[in-house]
Protein chains: 2
Amino acid sequence: MANKVKFDRDEVIDKATLLFWQQGFGGTSMRDLQQHLDMRPGSIYASFGSKDNLFKEVIKCYGEQCLQALDRFQLDASGPLVGLKNFIHHVTLGEEEPAQCRLCLLAKTLSELPAEQQELIAAAQQALLLVEGKFEQILLRARELQELSSGADCQRLAKWLQMQLMGLRAYAKSQAGKAELEMMIDDIFTSLKSR
Amino acid sequence: MANKVKFDRDEVIDKATLLFWQQGFGGTSMRDLQQHLDMRPGSIYASFGSKDNLFKEVIKCYGEQCLQALDRFQLDASGPLVGLKNFIHHVTLGEEEPAQCRLCLLAKTLSELPAEQQELIAAAQQALLLVEGKFEQILLRARELQELSSGADCQRLAKWLQMQLMGLRAYAKSQAGKAELEMMIDDIFTSLKSR
DNA sequence: GTTGATATTGAACGATCGTTCAAGTTATAT
DNA sequence: ATATAACTTGAACGATCGTTCAATATCAAC
């Protein structure tokens, strides 16, 4: 059934995502990609056009997968805030991914790219906005279910949460203490509820 | 008085810091440095040994300058927490530095470097630890002056503050809204005091 | 089986990377 | 003035960068 000639685009993008995530955009060479994707340069360029374009697709897929993961954690949890907390646990302390991937790829991208790479920066910012929007949706649902006070400004809380998550994941790279991260996650939700 | 032959080491390191800060370690080539430092490769290598070593000195100086800035803001402020807040205002919203420098160079370095660059990573982590220690000192003084509750765990609060600052500066790169950042800084100090 | 379209291959391009070093320049001491 | 030490210069090295393209392999259609 599987087409042996034309590669599986999704699988290739997943592998590229992992590489870029671990090594950054600038730190990942086309030769790295050739090796890990098991593709020759001509094939990569025929399919994606350029390293920039491949990365743009990676960013887009990564953002979509974040949204999907948020939805998945919502379905599996007893309430919106619990689902949110499980998601945060997963991205900061989850162990299936390599250690280099504790940082959000989108934040890492914004941190790394110079101002000239306008298109890639915009792609990462756009993906982050979508995640923030999903946060807001979830928080709105939490407010409806009275997990948050009825006066909570969910848009503001979503921004706050996004900022917290960026800080948490950056801090995880500087001080790996698992127990401290757990405490901080608890603190984040405590401060979230008291607004 | 000034020696015309031997360059001013501090000035050179400051210029290198700015370059690395704006472009990252990997994104800054020796030729970039040669141009901005107005030094030829031989001179740079005679003085610093390698790009890695130059960067290690940059990291060290940057960390020390952070500590000095924290002290300076303490002296200029009416109280410890006000000085801390002014410092945070300065690093997230200060306009003398280029926009690319909103991120902490140390956090940016940890985000960018691959695991193989063990020495540089350790240098950045060490500098971050010193900053966190200074935070703790300041918070302890705030507790003595009853700006914090007598039961406040200042070591934990220092970690919390470090994490907040990383998040704030990362978020500043994704959503530049100045008013939102102001609000978030207020929120950080509100949550700080209520512990 | 032959044909035409489509996809893959890998050698090669010019540019740029971090780094080296022999030659040249400048300051100091006699 | 001259010798010595200290420092700077810039061409050049091999490696690697992102990318191209003519040659080759594989597919579907007749």
Side-chain angles (χ1 to χ4, degrees), chain A residues 1-13 15-59 109 112-121 123, chain B residues 1-13 15-59 109 112-121 123:
Chain A
M1 203 69 199
N3 193 337
K4 288 179 201 164
V5 163
K6 212 163 183 228
F7 55 88
D8 180 339
R9 194 175 180 97
D10 287 350
E11 188 187 319
V12 160
I13 289 189
K15 285 181 183 167
T17 301
L18 196 60
L19 260 187
F20 281 128
W21 203 353
Q22 292 177 109
Q23 310 181 166
F25 175 73
T28 303
S29 71
M30 285 306 290
R31 280 159 181 85
D32 287 336
L33 289 163
Q34 287 159 35
Q35 192 176 343
H36 286 85
L37 306 186
D38 192 28
M39 289 173 76
R40 267 32 69 194
S43 286
I44 300 180
Y45 278 84
S47 313
F48 298 100
S50 68
K51 190 191 177 191
D52 282 31
N53 250 315
L54 170 56
F55 189 66
K56 216 188 297 181
E57 290 214 34
V58 161
I59 289 290
T109 297
E112 168 186 10
L113 290 183
E116 300 96 51
Q117 295 271 24
Q118 172 210 7
E119 282 198 31
L120 299 181
I121 291 175
Chain B
M1 202 70 201
N3 192 337
K4 288 179 200 164
V5 164
K6 210 162 184 228
F7 55 89
D8 181 339
R9 195 175 179 93
D10 287 351
E11 188 187 320
V12 160
I13 289 188
K15 284 181 183 166
T17 300
L18 196 60
L19 259 189
F20 281 128
W21 202 354
Q22 291 176 111
Q23 310 180 168
F25 175 72
T28 303
S29 72
M30 286 305 291
R31 282 161 181 84
D32 288 335
L33 289 163
Q34 288 159 34
Q35 190 176 344
H36 286 85
L37 307 185
D38 192 29
M39 290 173 76
R40 263 37 64 196
S43 287
I44 300 180
Y45 278 84
S47 313
F48 298 99
S50 68
K51 190 190 175 190
D52 281 31
N53 250 317
L54 170 56
F55 189 65
K56 216 187 299 182
E57 290 214 33
V58 162
I59 290 291
T109 296
E112 167 185 12
L113 290 184
E116 301 95 54
Q117 296 271 24
Q118 172 211 8
E119 282 197 31
L120 299 181
I121 291 175

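Just so it is clear, the model here is predicted, and its values are computed rather than measured. Numbers restart at 1 for each chain; the letters A, B, ... are given by sequence-line order, proteins then strands.
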Handout entry: Pairs where residues 34-44 of chain A contributes a residue and the test salt bridge (charged side-chain N to carboxylate O under 4.0 Å, His left out) is met, not counting sequence neighbours
Key = A:Asp38-A:Arg40
Handout entry: Pairing residues for A:Glu57 by the side chain to side chain contact (heavy atoms under 4.5 Å, CB included) criterion, not counting sequence neighbours
Key = A:Arg9, A:Ile13, A:Phe48
Practice task
Could you tell me which residues satisfy salt bridge (charged side-chain N to carboxylate O under 4.0 Å, His left out) with B:Lys51, sequence neighbours excluded, listed by chain and number?
Solution key: none
Fill in the blank from the handout: Looking only at heavy atoms, the pair that brings A:Asp52 and A:Leu120 closest together is O-CD2, 3.5 Å
Exercise for the section: Please examine the side chains of A:Phe55 and A:Thr28, heavy atoms only from C-beta on, and report whether any two atoms are closer than 4.5 Å. Expected result: no
Practice task
Kindly indicate whether the side chain of A:Ile59, heavy atoms from C-beta on, has any atom under 4.5 Å from the side chain of A:Phe20.
Solution key: no
Handout entry: B:Glu112 versus B:Gly24, closest heavy-atom pair with distance
Key = OE1-CA, 3.6 Å
Problem - Between C1' of D:dT8 and CG of B:Asp38, the distance in whole Å - result: 11 Å
Practice task
Tell me which nucleotide among C:dT19, D:dT19, D:dT9 gets nearest to the side chain of A:Gln34.
Solution key: D:dT19
Practice task
Identify, with sequence neighbours excluded, every residue that meets side chain to side chain contact (heavy atoms under 4.5 Å, CB included) alongside B:Leu37.
Solution key: B:Val12, B:Lys15, B:Ala16, B:Leu33, B:Met39, B:Ile44
Handout entry: Any residue of residues 19-29 of chain A with a heavy atom less than 4.0 Å from an atom of DNA chain C
Key = none
Practice task
Nearest whole angstrom, please: distance from the C1' of D:dG18 to the CZ of A:Phe48.
Solution key: 16 Å
Exercise for the section: With axes from five pairs an end, tell me the bend angle of the helix from C:dG1-D:dC30 to C:dT30-D:dA1, nearest 10°. Expected result: 0°
Problem - Residue B:Arg31, side-chain heavy atoms: nucleotide from D:dG10, C:dG18, D:dC17 that is nearest - result: C:dG18
Exercise for the section: Output the distance between atom OG (A:Ser29) and atom CD (A:Gln23), rounded to the nearest 0.5 Å. Expected result: 7.5 Å
Handout entry: B:Ala46 side chain, from C-beta outward: closest of C:dG18, D:dT8, C:dG10
Key = D:dT8
Problem - Atom pair distance, as rounded to whole Å: CE in B:Met30 and C1' in C:dT16 - result: 14 Å
Practice task
Grab the CZ-C1' distance between A:Arg40 and D:dA25 for me, whole Å please.
Solution key: 13 Å
Exercise for the section: Write down the distance between CD (B:Gln35) and C1' (C:dG18), rounded to a whole number of angstrom. Expected result: 17 Å
Exercise for the section: Measure the distance from CD1 on A:Ile44 to P on D:dC17 and round it to the nearest whole Å. Expected result: 13 Å
Fill in the blank from the handout: Closest of C:dT19, C:dA11, C:dC13 to the A:Pro41 side chain is C:dA11
Fill in the blank from the handout: From CZ of A:Phe55 across to P of D:dC17 the rounded distance in Å is 17 Å
Completion exercise
A:Lys51 NZ to C:dA15 P, in whole Å, measures 19 Å
Handout entry: Any B:Tyr45 side-chain nitrogen or oxygen under 4.0 Å from OP1 or OP2 of C:dT20
Key = no
Completion exercise
Contacts of A:Gly49 and A:Asp32 projected onto DNA chain D by closest heavy atom; the upstream (5') one is A:Asp32
Handout entry: Candidate nucleotides D:dT8, C:dT19, D:dT19, ranked by approach to the side chain of B:Ser50 - the nearest
Key = C:dT19
Completion exercise
For B:Lys56 and B:Ala123, the nearest pair of non-hydrogen atoms, with its separation, is CG-CB, 4.0 Å
